[in-house]
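A short write-up of the structure that comes next.
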Amino acid sequence: MKTIRSYIDYLQHYQHSTDNPEAFWAEVASHFRWQKPWHSVLQWSFNPYQVRWFEGAQLNLSENCLDRHLATQGEQTAIIWEPNDPQAPVRRLSYRELYEQVNQFANVLKNNGVRKGDRVCIYMPMVPEAAVAMLACARVGAIHSVVFAGFSAQALADRINDATCSLVLTADVGQRGSKQLDIKAIVDEALAACPSVQRAIVLQTTPKGCPMHPTRDRWWHTELAQAAADCPPEPMEAEDMLFILYTSGSTGKPKGVVHTCGGYMVYAGYTFANVFQYQPAEVYWCTADVGWITGHSYLLYGPLLNGATTLMFEGIPTYPDPGRFWQVCEKHRVNIFYTAPTAIRSLMSFGEKYPAAYDLSSLRVLGSVGEPINEEAWHWYHDNVGRGRCPITDTWWQTETGGVMIAPLPRITVQKPTFATLPLPGIQPILVDDKGHEISGNPAEGNLCLKFPWPGMLRTTYGDHSRCQQNYFATYPGLYFTGDGCRRDEDGYYRITGRVDDVINVSGHRIGTAEVENAINEHPMVVESAVVGYPHDIKGQGIYAYVICSDAPADADEFRREVLREVTRVIGPIAKPDVVQLVDGLPKTRSGKIMRRILRKIAEGETANFGDTTTLLDPTVVDRIKAGAAGLRG
Ligand code: WT7
């Protein structure tokens with residue numbers, strides 16, 4: 001892999017990547033296995049949006065993750081699986097074993113009618129078979145759509161229907177701490193509303209199993225028993241779709257972000273090697289669920305592309321106690337540990353004694369992802385987990401970017417707490433004001449955009465390219481707009497300040513306020529609602545919902561619980577509001593637009609400085625909401 005080993009190296013690679021992006025990326029790409037070479041490295045336009053990397057080339061991602069390593073490191077561990085129950089046996093899969101399982105499961109997919117280009121939904125707990133499922137899809141050229149197994153039946157059905165999946169891969173149950181999640185029951189409920197699904201293949205993880213639909217459902221193990229061992233990797237065009245991953249935006253339903261085979265592979269592989277400075281034989285642990293982009297790029301594909309040993313953890317950070325992460329680090333001699341600030345803040349609240357109780361001397365590099373890491377959490381992580389020895393790489397990126405974009409390279413970039421620091425080679429960030437004019441010079445603050453394509457960028461939103469154009473390329477024509485606000489300091493270091501659109505980041509999960517409003521509005525008594533984010537000590541942002549009811553509910557607390565149930569039903573527990581305030585009106589302008597700025601201020605606990613309220617239809621509503629807010633935010 002093309003790797004950066006010093007700061008001088010970084011500067012040279014960066015310079016080369018902007019002077020001659022095609023030559024730079026061609027060299028990075030040459031480290032992978034291609035069945036056919038490209039005839040053009042890059043063709044692109046941001047207006048209208050179209051980008052094509054490695055046109056003409058053919059490859060298979062699973063071949064690059066597995067077959068490529070067999071000769072040199074077939075016996076090395078690819079996946080270490082740590083179960084939810086600390087007493088239960090660990091599973092280890094060597095590259096050869098993973099290769100064999102993926103081959104055989106790829107044949108299961110084929111035996112069940114899956115062909116290149118078909119969409120397969122994966123709704124599974126964190127077990128090695130989830131990784132096998134993704135790699136098997138990649139092997140036969142099926143497009144996977146992994147849905148986090150915390151989303152509700154309705155949310156699952158919406159995603160399956162949007163992508164018209166023909167097959168669902170799932171399991172009986174999932175283990176999360178002391179709770180057991182009835183995954184198959186959720187799938188059954190969802191599939192009642194999914195006409196495109198012909199078949200579900202169900203992994204049995206407990207002796208009890210689960211009810212099976214007589215014609216639709218098949219057991220994973222019986223299917224495997226009937227499948228042939230070898231499945232040659234399907235030759236894929238570089239720009240063929242690899243996967244769809246749904247994510248929330250500021251409007252409407254979640255959109256299916258599309259990544260393609262060639263560019264995604266090159267970017268996930270290149271960034272993993274550099275951002276973590278991975279060394280052969282190291283044990284790497286990313287705590288993300290495979291249902292999120294971090295799980296795709298840095299639990300699975302990035303590490304396997306580099307022949308790394310990746311640890312997959314089924315459970316949660318606080319089970320059986322808040323020392324679990326550190327116990328697992330000690331047990332498996334983890335060298336690189338990658339998690340989200342929300343986990344750090346939550347574990348921080350239990351005190352230093354938990355990390356202090358374990359031998360963490362194997363740790364070499366720490367990573368952070370998903371949301372801005374505050375100064376206090378950064379230092380706690382640095383001092384108590386890294387024991388002052390380990391650099392922290394604060395990685396900024398998005399589902400849409402496919403891989404890390406801005407991050408310090410461990411022991412190469414001089415780190416600065418709370419700063420994602422400098423762009424990786426090939427990445428050209430700029431800050432623009434609200435009119436789209438570039439803000440040059442340092443320091444500067446503005447909206448974070450990218451002015452040049454990179455191989456891992458999204459290609460479209462599934463089934464609706466105009467939505468992709470509208471969402472990312474219309475706000476500032478000629479630029480990709482991230483939706484994030486950002487500050488660049490005197491050293492040119494970037495610090496992400498958070499979303500500037502109607503997306504909130506709750507415990508590192510992206511939630512659209514419109515989506516939560518739509519869910520709340522399903523309650524028969526709700527006339528209208530408005531949802532905003534507010535600073536939350538552990539979650540980063542909490543969800544604050546203002547709700548107008550048709551009649552004053554007899555029992556306000558019961559009504560609030562019903563609202564939460566409604567959101568859990570439509571989206572899932574991760575989108576449940578932290579605060580529900582009943583109001584008799586919302587601050588609207590004469591044209592009917594809700595002034596969210598005011599609602600955000602009230603949710604933050606501000607009592608004055610609401611700015612100009614003269615354009616409001618009824619300015620007195622602000623005082624009434626303010627009065628009602630007092631004392632609600634626990
Ligand atoms: C949004 C993307 C990228 C994987 C996980 C989240 C926020 C992400 C950072 C960071 C500050 C961050 C941004 C971004 N974000 N990483 N290091 N510092 N903010 O992926 O669900 O697509 O969310 O997460 O606001 O836009 P995602």
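Order of appearance sets the numbers: ligands from 1, and atoms from 1 within every ligand. Residue numbers run from 1 in the order of the sequence given. Worth saying up front: this structure is predicted, and the values here are computed from it rather than measured. All heavy atoms count here, side chains included; hydrogens, waters and symmetry mates do not.
Using a 4.0 Å cut-off between heavy atoms, Ile373 makes no contact with ligand 1 at all. By the criterion of a heavy-atom distance under 4.0 Å, both the backbone and the side chain of Thr399 are placed next to ligand 1. Contacts with ligand 1 closer than 4.0 Å are made by no heavy atom of Val503, backbone or side chain. Of all the heavy atoms of Gln398, the ones lying under 4.0 Å from any atom of ligand 1 are found in both the backbone and the side chain.
Annotation: Asp394 places an N or O atom under 3.5 Å from an N or O atom of ligand 1; distance criterion only. Taking only nitrogen or oxygen atoms, main chain and side chain alike, Ser368 does not reach within less than 3.5 Å of ligand 1. The N/O atoms of Thr247, backbone and side chain alike, include none that comes under 3.5 Å of an N/O atom in ligand 1. On a distance-only criterion, Arg510 and ligand 1 share at least one N/O pair closer than 3.5 Å.
The nearest non-hydrogen atom to atom 15 (N) of ligand 1, considering only Gly370, Gly508, Gly367, comes from Gly370.
Closest protein heavy atom to atom 3 (C) of ligand 1: Trp397 O, 3.1 Å. At the top of the distance list for atom 11 (C) of ligand 1, counting protein heavy atoms only, stands Pro372 N, 3.1 Å. At the top of the distance list for atom 25 (O) of ligand 1, counting protein heavy atoms only, stands Asp484 OD1, 2.6 Å.
Ring orientation note: the planes of His379 and His382 are nearly perpendicular, at an angle over 60° on the 30°/60° scale. Using cut-offs of 30° and 60° on the angle between ring planes, the pair Tyr544 and Tyr534 is perpendicular.
Under the 6.0 Å distance and 45° angle rule, Arg488 does not count as a cation-pi partner of Tyr493.
Arg387 places no side-chain N or O within 3.5 Å of a backbone atom of Asp383 that could act as its donor or acceptor partner. Distance alone, capped at 3.5 Å, is enough to place a donor-acceptor pair between the Thr393 side chain and the Pro408 backbone.
A salt bridge does not link Glu515 with Lys253: every distance from a Lys NZ or Arg NE/NH1/NH2 to an Asp or Glu carboxylate oxygen is 4.0 Å or more.
No side-chain heavy atom of Gln541 sits under 4.5 Å from any side-chain heavy atom of His536. At least one side-chain heavy atom of Arg364 sits less than 4.5 Å from a side-chain heavy atom of Glu282.
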